Amino acid sequence: MSLKKIYNTLFKNYGPQNWWPGDTPFEVMVGAVLTQNTAWLNVERAIHNLVEANALSAETIVAAHPKRLAVWLKPSGYFNIKAKRLKNYCRWYIEQGGYEALLGWPTDELRHGLLSVNGVGPETADDILLYAFDRPVFVIDAYTRRLFRRLGLIEGSEHYEELRRIFETGLRSASDRVQLFNEYHALIVIHAKDVCKTKPNCQVCCLIQACQVKGP
DNA sequence: ACCCAGGGTCATA
DNA sequence: TATGACCATGGG
């Protein structure tokens, strides 16, 4: 069972997802930080607070008092640490000259720069690279590990970079890799959290003979 | 009253 | 290198 076949099965079941739910690249970046180990609905509430406060910009976030920023971020959980991380990211983002400047960076350098920010780890960086900068980077999250371990394609305990290499090389000959990786990650998440719970007999679940969110 | 959610950092051995 | 504690809200 190839990675492409699994993608086709997922796509056939769920259709196009059109991620990331963000109106601007900057909103995508904020969402990527706030969604760390957090349900997306709560992230939306936090972003809504920022919009209502007219604070959805790097400059405003950097200038905001930490306590007040934490209040805006409260619904997304971990609000104190996320306030720091978001400030760290926005400070770096401004220092590098903002979106237009970063667009000119080669993907490897951009990824390295993102990872240099305290609070931005590999998945957050790859979310930003793929969904805000349209770079062909495959996002590895807990759902990806679980699904493909059950499918028998990976062991599951591989390091992040190793898994990313496996997926990116496995799909190296695809025509539009940005579009493919974008949809693929979205489909993996949708499969895990929305449909898989309520449709025990979807094709992918039959494939792995285990349609349960919990479990190894 | 549990368990979990689109992780990451830091301290410890 | 590799585990574990910690961060904290809201939904099921």
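Everything numeric in this text was worked out from a predicted model, so none of it was measured. Chain letters run A, B, ... following the sequence lines, proteins first, then strands; residues in each count from 1.
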Judged by atom type as modelled, is there a donor-acceptor pair below 3.5 Å linking the side chain of Y184(A) to the main-chain atoms of L3(A)?
yes

Short side-chain to backbone donor-acceptor contact, T38(A) and S76(A), under 3.5 Å
yes

Residues, nucleotides or ligands: over 12 heavy atoms within 6.0 Å of K87(A) NZ
yes

Expressed in angstrom and rounded to an integer, what is the separation of D126(A) atom CG from dG7(B) atom P?
13 Å

Under a 3.5 Å distance rule, please check whether R145(A) uses its side chain to pair with a backbone N or O of E158(A) as donor and acceptor.
yes

Taking only Lys NZ, Arg NE, NH1 and NH2, and the carboxylate oxygens of Asp or Glu, determine whether E155(A) and R150(A) approach each other closer than 4.0 Å.
no

Are the ring centres of F167(A) and F181(A) closer than 6.0 Å?
no

Hey, quick one: are L115(A) and I81(A) part of the same hydrophobic cluster, counting side-chain heavy atoms closer than 4.5 Å, chains of contacts allowed?
no

Side-chain contact, heavy-atom cut-off 4.5 Å: V139(A) with T144(A)?
no

Output the residues of residues 68-83 of chain A in contact with DNA chain C, where contact means a heavy atom of the residue under 4.0 Å from an atom of the strand; sort by number or write none.
K74(A), P75(A), G77(A), Y78(A), F79(A), N80(A), I81(A)

R85(A) versus N88(A), side-chain donor and acceptor atoms under 3.5 Å:
no

Using the 3.5 Å cut-off, write out each protein N or O paired with an N or O of nucleotides 1-6 of chain C and the distance between them.
{"unit_1": "dA2(C)", "atom_1": "OP2", "unit_2": "H159(A)", "atom_2": "NE2", "d": "3.2"}

Whole angstrom is fine here: how far is it from CG in L114(A) over to C1' in dG8(B)?
15 Å

When Watson-Crick pairs (N1 to N3 and N6-O4 or O6-N4) and G-U wobble pairs (N1-O2 and O6-N3) count only below 3.5 Å on both distances, what is the dot-bracket string of DNA chain B, with | for other-strand pairs?
.||||.|||||||

F138(A) backbone acceptor or donor facing E168(A) side chain under 3.5 Å
yes

Rounded P spacing from dA8(C) to dA1(B) in Å
22 Å

P atoms of dG10(C) and dG8(B), separation to the nearest Å:
23 Å

Ring pair (Phe, Tyr, Trp, His ring centres under 6.0 Å) filter on F133(A), not counting sequence neighbours, yields Y99(A)

By the 4.0 Å heavy-atom rule, please label V120(A) as base, sugar-phosphate, or nothing.
sugar-phosphate

Side chains of D126(A) and Y131(A): is there a donor and an acceptor less than 3.5 Å apart?
no

Within the supplied structure, the quantity of interest is the number of heavy atoms (other residues, nucleotides, ligands) at a distance under 6.0 Å from D176(A) CG; does it exceed 12?
yes

Return yes if some donor-acceptor pair links the side-chain N/O of T60(A) with the main-chain N/O of L56(A) below 3.5 Å, else return no.
no

Would you please say whether a donor-acceptor pair under 3.5 Å links the side chains of D127(A) and T124(A)?
no

Between residues 28-54 of chain A and DNA chain C, which residues have a heavy-atom gap below 4.0 Å?
L41(A), N42(A), R45(A)

Report the distance from atom CD1 of I128(A) to atom C1' of dG7(B), rounded to the nearest whole Å.
13 Å

Main-chain N/O of N18(A) paired with E183(A) side-chain donor or acceptor, under 3.5 Å
yes

Measure CZ/R85(A) against C1'/dC7(C) and give the value in whole Å, please.
8 Å

Could you list the protein-to-nucleotides 10-13 of chain B atom pairs, N/O on both sides, closer than 3.5 Å?
{"unit_1": "dC10(B)", "atom_1": "OP1", "unit_2": "N118(A)", "atom_2": "ND2", "d": "3.1"}

